[in-house]
Amino acid sequence: MRDQSFVTLFIDEDPKPIGEFPAPVTFDLDTRKLTDGNHVLKVVSKDHQGKEGIKLIPFVVRNGPAIAIEGLKKDEIVEGVLPLMINAYGKGDQKTFMLAGSETPQSIPWWLVVGIILFVAWTGYFIITSLAVKL
């Protein structure tokens, strides 16, 4: 029988543990070995008396290139031809920053266009009314 607690780590439903360590443990989880998407870290602890505790920690891995889509939202109802703008860019790593493609261009929001039109119209009105006043 063990005289201290041990922690066993599993990823998703894999029956083979990624490691077994005496508690307390400091562990670096390398997510580069996992596919992008939803995963679950399962932590199983056993104390010196054999009692077991389990904790499930869901997390999302996103190591691949980020994908940004403009023109279509999740669960949106659409018809006809959709103009889409799609950008995919890698994040580089923690030591370098990739400038090319790291920003996603976006169309101008409708409210900004309306605001500019209203401002130009007000400016025109102000200039016309100012010129009409006789000093």
Side-chain angles (χ1 to χ4, degrees):
M1 185 178 287
R2 299 175 181 168
D3 57 346
Q4 72 179 98
S5 296
F6 275 79
V7 176
T8 308
L9 304 174
F10 299 89
I11 295 290
D12 299 330
E13 297 297 321
D14 191 356
K16 181 181 172 192
I18 59 172
E20 182 176 13
F21 309 96
V25 62
T26 301
F27 178 76
D28 291 330
L29 176 62
D30 187 2
T31 63
R32 295 174 294 183
K33 297 177 182 178
L34 300 174
T35 59
D36 282 4
N38 296 323
H39 295 279
V40 176
L41 175 65
K42 180 179 177 183
V43 181
V44 179
S45 66
K46 247 184 203 178
D47 67 9
H48 65 283
Q49 295 178 342
K51 293 181 183 174
E52 195 171 87
I54 298 175
K55 182 161 186 125
L56 301 175
I57 306 166
F59 63 98
V60 178
V61 172
R62 190 169 296 142
N63 288 324
I67 300 171
I69 299 176
E70 185 171 332
L72 184 64
K73 295 181 181 152
K74 184 178 178 181
D75 299 326
E76 185 174 16
I77 299 172
V78 297
E79 63 181 41
V81 178
L82 293 176
L84 299 177
M85 182 175 13
I86 302 172
N87 188 18
Y89 54 92
K91 300 175 198 82
D93 56 30
Q94 294 178 351
K95 295 179 183 174
T96 60
F97 176 70
M98 296 180 63
L99 185 61
S102 63
E103 291 187 12
T104 301
Q106 295 181 341
S107 60
I108 299 172
W110 65 270
W111 56 266
L112 185 59
V113 174
V114 170
I116 291 171
I117 291 171
L118 288 173
F119 180 75
V120 169
W122 175 81
T123 304
Y125 171 78
F126 182 77
I127 291 172
I128 290 171
T129 55
S130 294
L131 291 175
V133 174
K134 297 191 190 226
L135 297 172

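Taking OG of Ser5 as the reference point, atom NZ of Lys46 lies at 11.5 Å (rounded to 0.5 Å). Considering CH2 of Trp122 and OH of Tyr125, their distance stands at 10.5 Å, rounded to 0.5 Å. The CG atom of Leu84 sits 6.0 Å away from atom CG of Leu72, with the distance rounded to the nearest 0.5 Å. Atom CD1 in Ile11 sits 4.0 Å away from atom CZ in Phe59 (nearest 0.5 Å). In this structure, CD in Glu20 is found 4.0 Å from OG1 in Thr8, a value given to the nearest 0.5 Å. A distance of 12.0 Å separates CZ in Phe6 from CG in Asp47, rounded to the nearest 0.5 Å.
Linking ILVMFWY side-chain heavy atoms closer than 4.5 Å, directly or via other members, places Val44 and Leu56 in a single hydrophobic cluster. Grouping the Ile, Leu, Val, Met, Phe, Trp and Tyr side chains by contacts below 4.5 angstrom, directly or via other members, places Leu118 with Trp111. Cluster annotation: Ile117 is connected to Val114 through the hydrophobic network of ILVMFWY side chains, with a link wherever side-chain heavy atoms come within less than 4.5 Å. Note on Ile57: it clusters hydrophobically with Phe21, by side-chain heavy-atom contacts below 4.5 Å among ILVMFWY residues. When the side chains of ILVMFWY residues are joined at heavy-atom separations under 4.5 Å, either directly or via intervening members, Val120 and Ile128 end up in two distinct hydrophobic clusters.
Atom CD of Glu76 has more than 12 neighbouring heavy atoms from other residues, nucleotides or ligands inside a 6.0 Å radius. The 12-atom threshold is not exceeded at CD1 of Ile67, counting heavy atoms of other residues, nucleotides or ligands nearer than 6.0 Å.
Contact between His48 and Gln4 at its shortest, heavy atoms only, is CB-N, 3.9 Å. Here the shortest heavy-atom pairing between Val61 and Thr31 reads CG1-O, 3.9 Å. Residues Asp14 and Phe10 share a closest heavy-atom pair of O-CD2, 3.4 Å.
Side-chain atoms of Asp12 come within 3.5 Å of backbone atoms of Val40 as a donor-acceptor pair (strictly under, hydrogens ignored).
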- Message: Assess the residue pair Leu29 and Ile18 against the criterion (side-chain contact (heavy atoms from CB on, under 4.5 Å)); give the C-alpha distance rounded to whole Å, side-chain angles, the decisive distance to 0.1 Å, and a yes or no.
- Response: CA-CA 9 Å; Leu29 176 62; Ile18 59 172; 4.0 Å; yes
